[in-house]
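Position 1 is the first residue of the sequence; numbering continues from there. Values below: all heavy atoms of this structure, side chains included; hydrogens, waters and symmetry mates excluded.
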Amino acid sequence: TPADVGVTGLAVMGRNLARNLARSGNTVAVHNRTPAKTRALVADFGDEGAFVPAESPQELVASLKRPRRLITMVKAGEATDAVIAEVAPLLEEGDIIVDGGNAHFADTRRRERQLRERGIRFVGAGISGGEEGALHGPSIMPGGSAEAYAALAPTLEGIAAEAADGSPCTAHVGTDGAGHFVKMVHNGIEYADMQLIGEAFHLLRDVAGYTPAQIADVFAAWNRGRLDSYLMEISAEVLTHTDAETGAPFVDVVADRAEQKGTGRWTVQTALELGVPVPGIAEAVFARSLSGHGELRAASAGLPGPHAEALDGDAAKRFADQVEQALYASKLASYAQGWHMLTAGAREYGWDLDLGAIAAIWRGGCIIRAAFLDRVRAAYAADPGLTTLLADAGFAQELGRAQGDWRSAVATATHHGVPVPGFAAALSYYDTLRAGRLPAALTQAQRDFFGAHTYRRSDREGVFHTRWGADRGEERAD
Ligand code: 2AM
């Protein structure tokens, strides 16, 4: 029987996605450059559903129902181009290639354009949820034409995670690179979430003096409230884990140098190009980077810090409550930055992004899945033109209640010498946006002084220059 869908690239993500497809009732053609992986998949999991192993790209393409639907799950970059170059000549007009890898959205835009010229429909689909998600239900963010999505919808909806209300965590995101762009922003938000949780941990450890096991209890309690999220849940789990070899808390044994595969960096690079301030995401990327600079840390280890005693008893408990407020408010700020970026990307690339629908498909399956995302969905449902999440009435009210504790947490962190780049950057973002006047006025004056870059006035229209080196008279410069 002809296969419903094909998967090429059977490393762990591809293999699990193929299994998920087969378990959902699809006949799945499977292929890998190295055929041993194809055979291993069928040998190990062949009883889970209908697999059609293919030893060559020709065999793979020949085994598919038309219009053919082929998902590539190979490494982003050159490998993806190589696979496309290999299979595209074998395909016919109307066939669909889905790239489920972690491609940069600019590559996806280029590939979509090139394949469209040849009549092949290309769908760049962001897939989040890791290995487990791929197998049991990821969040899927497909870009490409609406018609291509329509041909994929039943299949993708059948394997995606389900949100609490039963709706599938996938939807057509927008044309060409929109899916991979949205996935990139997801990952940027993920970096920020992880950094903020890390800062909360650091504060509870060093300021409140809690043990990892105690912090696990605090996180588990937070996870029952408004901070309910997958990342909160696994953080609590990790903190209960003891290293088998040493008997020490696992978190104390792991080297404290964070690595990154680069999607957070892409988010920040793209944000800079779009002119979108994403300080929370940028601080998260920088914090990982800084942690890895062992030579800087070693050279700085002797620098003086403050003398501050860890809090105890009730003071520690009160502080933990402040940290919860700081974490929640900071999280809100970084989500606001992520959504600002979605708005700007949509404008720049001509995507009709549904900002609420994106929140909806992140409610399940993906790494940042959280109850909170239903609030984001609701905020955009109530006002699709919302300029910033912070201005949503419900969120604004929560920020109003949190801000006192948020400030106290950041002040206490500073007093104790605990770095909180995420909390502090988020608070500065908040204070910048709500400020009546900003020192940008002085920046403009400086620029006019040294470079005659001109300025505008807040009291009337026009562009002006002051003759700083002469009589300091003002002239029109427009
Ligand atoms: P392999 O098992 O033959 O190495 C992740 O690396 C997946 O991408 C693997 O399934 C790998 O196949 C595949 N892959 C990497 N580079 C590739 C290429 N240039 N062509 C085809 N598949 C490739």
Counting distance only, does the side-chain N/O of [X] pair as donor-acceptor with the main-chain N or O of [Y] below 3.5 Å?
| X | Y | answer |
| --- | --- | --- |
| Arg68 | Val61 | yes |
| Thr388 | Leu390 | yes |
| Asp4 | Thr27 | yes |
| His172 | Ala153 | no |
| Ser63 | Leu60 | yes |
| Thr246 | Ala248 | yes |

Arg110 and its salt bridge (Lys or Arg N to Asp or Glu O under 4.0 Å) partner, picked from Asp176, Asp81, Asp99: Asp81

Whether Trp339 and Trp362 hold their rings parallel, tilted or perpendicular, with breakpoints at 30° and 60°: perpendicular

Candidate pair Leu327 and Phe423, rule side-chain contact (heavy atoms from CB on, under 4.5 Å), full reasoning: CA-CA 7 Å; Leu327 177 53; Phe423 285 4; 4.2 Å; yes

N-O pairing of Asp256 and Arg297 below 4.0 Å: yes

Salt bridge Arg226-Glu398, side-chain N to carboxylate O under 4.0 Å: yes

Trp406 side chain reached by Tyr430 side chain, heavy atoms, under 4.5 Å: yes

Stepwise side chain to side chain donor-acceptor pair (under 3.5 Å) test for Ser167 and Arg363: CA-CA 10 Å; Ser167 51; Arg363 288 177 300 177; 3.0 Å; yes

Exceeds 12 heavy-atom contacts within 6.0 angstrom, atom CZ of Arg257: no

Glu295 atom CD, neighbour heavy-atom count above 12 within 6.0 Å: yes

Reference residue Arg205; test side-chain contact (heavy atoms from CB on, under 4.5 Å); the match among Thr211, Asp252, Leu239: Asp252

Partner of Tyr149 under side-chain contact (heavy atoms from CB on, under 4.5 Å), chosen from Ile96, Thr170, Thr175: Thr170

Salt bridge (charged side-chain N to carboxylate O under 4.0 Å, His left out) assessment of Arg116 paired with Glu112: CA-CA 6 Å; Arg116 182 156 27 93; Glu112 195 275 340; 2.8 Å; yes

Chi angles and distances behind the side chain to side chain donor-acceptor pair (under 3.5 Å) call for Arg69, Thr155: CA-CA 10 Å; Arg69 301 181 305 166; Thr155 307; 2.8 Å; yes

If every non-hydrogen atom of [X] is compared with every non-hydrogen atom of [Y], which pair is closest and at what distance?
| X | Y | result |
| --- | --- | --- |
| Glu55 | Pro35 | OE1-CB, 3.8 Å |
| Pro277 | Gln337 | O-CG, 3.8 Å |
| Pro421 | Pro419 | CD-C, 3.4 Å |
| Leu64 | Ala29 | CD2-CB, 4.0 Å |
| Ile189 | Ile368 | CG2-CD1, 3.9 Å |
| Cys366 | Ser128 | CB-OG, 3.3 Å |

Whether [X] engages the ring of [Y] as a cation-pi pair (distance to the six-membered ring centre under 6.0 angstrom, angle to the ring normal within 45°) should be assessed.
| X | Y | result |
| --- | --- | --- |
| Arg288 | Tyr191 | yes |
| Arg369 | Tyr230 | yes |
| Arg15 | Phe45 | no |

Ring pair (Phe, Tyr, Trp, His ring centres under 6.0 Å) pairs, two or more places apart, involving residues 250-279: His104-Trp266, His241-Phe250

Ring centre gap for Trp351 and Phe181 strictly below 6.0 Å: yes

Phe219 ring center within less than 6.0 Å of Phe201 ring center: no

Pair listing, salt bridge (Lys or Arg N to Asp or Glu O under 4.0 Å) test, anchored in residues 136-152, at least two apart: none

Distance, nearest 0.5 Å, that separates CG of Asn223 from CD of Glu237: 9.5 Å

Partner of Asn102 by side chain to side chain donor-acceptor pair (under 3.5 Å), out of His180, Lys183, Lys75: Lys183

Gln195-Glu199 side chain donor-acceptor pair, cut-off 3.5 Å: yes

Intermediate values then yes/no, side chain to side chain donor-acceptor pair (under 3.5 Å), Tyr380 and Asp354: CA-CA 9 Å; Tyr380 282 101; Asp354 179 336; over 6 Å; no

Verdict with reasoning, Tyr328 to Phe395, per ring-ring contact (aromatic ring centres under 6.0 Å, His included): CA-CA 10 Å; Tyr328 184 78; Phe395 286 140; 7.2 Å; no

side-chain contact (heavy atoms from CB on, under 4.5 Å) between Ile127 and Met141, worked out: CA-CA 6 Å; Ile127 300 183; Met141 298 148 246; over 6 Å; no

Residues which pass side-chain contact (heavy atoms from CB on, under 4.5 Å) with Ser24, listed by chain and number, not counting sequence neighbours: Asn20, Asn26, Ile159

Step-by-step salt bridge (charged side-chain N to carboxylate O under 4.0 Å, His left out) determination, Asp193 to Lys331: CA-CA 6 Å; Asp193 263 343; Lys331 180 181 170 90; 3.4 Å; yes

